[in-house]
Amino acid sequence: TKDQSRWSMGRIRPEDRLMGRKLFIIGAGGIGGRVAEEAQKRGMRVTFTDPRISELPNATSVSLEEGLRNAHVVSIHVDKDIEVLGPDHLRLLKGFLINTTRGGVVNESALLQCLDDGTIKAVYMDVLKTEGPEFATSPSKALVDHPAAFITSHLGGSSFESTFEN
């Protein structure tokens, strides 16, 4: 029938478009700075927080709380394995969270609660706090099983192409 041949947008909604959205970067060093550049090419407005960097081209430095409160997408790029986003911080976030840095920087129990109640729409991660034997009973396991969590392997630096870079 005519309806069967129609293309469906499925889970894609107009508000998921990047152009015009606000990206908040936590940690604007090397990788965070490149993420800012790519986001700007796609028409995103970029804010950031980083204690070591005060300026990024075409981006505004803001506090952690302000950035979380106003962003559609938050991307973490820190170089320490300490909790950066605890329960109070995660409650400020209203959109999407990307963590491709370290597993311990996001409180996974609080993240699960925010995903369950819809405070955070989705999380994209390639790192988890818990691995090994403890994984089966950890919040990390619950994240892997959550329908709004997209977890991949942390292998970007191990790709065939990356072996020829730098």
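FYI, side chains are in, hydrogens and waters are out, and symmetry mates aren't considered; it's all heavy atoms of this structure.
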Do the non-hydrogen side-chain atoms of [X] and [Y] ever get within less than 4.5 Å of each other?
X    : Y    : answer
L115 : K121 : no
I76  : I98  : no
L23  : V35  : yes
V78  : D50  : no
L90  : I120 : yes
I26  : H77  : no
L64  : F24  : yes
V106 : V127 : no

Atom [atom1] of [X] and atom [atom2] of [Y]: how far apart are they, to the nearest 0.5 Å?
X    : Y    : atom1 : atom2 : result
T49  : E65  : OG1   : CD    : 8.5 Å
N99  : I151 : CG    : CD1   : 9.0 Å
F48  : T60  : CZ    : OG1   : 8.0 Å
T119 : L92  : OG1   : CG    : 10.0 Å
M44  : S75  : CE    : OG    : 9.5 Å
D79  : T101 : CG    : OG1   : 7.5 Å

For this session: Evaluate the criterion side chain to side chain contact (heavy atoms under 4.5 Å, CB included) for residue pair V105 and K129; output intermediate values, then yes/no.
Result: CA-CA 8 Å; V105 301; K129 183 174 184 176; over 6 Å; no

Exercise. Stepwise, does the side chain to side chain contact (heavy atoms under 4.5 Å, CB included) test hold for S61 with E55?
Worked result: CA-CA 7 Å; S61 177; E55 293 184 20; over 6 Å; no

For this session: Can you establish whether the number of heavy atoms outside I31 located under 6.0 Å from its atom CD1 is more than 12?
Result: no

Do you know which two heavy atoms are closest between [X] and [Y], and how far apart they sit?
X    : Y    : answer
P87  : A110 : CA-CB, 3.6 Å
G33  : L56  : CA-CD2, 4.2 Å
N107 : G86  : CB-CA, 4.0 Å

Exercise. Going through the distances and angles, do E38 and R42 end up as a salt bridge (Lys or Arg N to Asp or Glu O under 4.0 Å)?
Worked result: CA-CA 7 Å; E38 292 302 319; R42 286 152 182 81; 2.9 Å; yes

Exercise. L128 and side chain to side chain contact (heavy atoms under 4.5 Å, CB included): which partner among E108, R102, K141?
Worked result: E108

Exercise. How are the rings of Y124 and F150 set to each other: parallel, tilted or perpendicular (split at 30° and 60°)?
Worked result: parallel

Exercise. Judged by atom type as modelled, is there a donor-acceptor pair below 3.5 Å linking the side chain of Q40 to the main-chain atoms of N58?
Worked result: yes

Exercise. Got a donor-acceptor contact below 3.5 angstrom from the H72 side chain to the G95 backbone?
Worked result: no

Exercise. Side chain to side chain contact (heavy atoms under 4.5 Å, CB included) between V73 and K22: does it pass, once the steps are laid out?
Worked result: CA-CA 6 Å; V73 180; K22 296 175 191 167; over 6 Å; no

Problem set entry | Audit row: D117, R91, side chain to side chain contact (heavy atoms under 4.5 Å, CB included) steps and yes/no | CA-CA 10 Å; D117 67 23; R91 291 257 165 239; 2.7 Å; yes

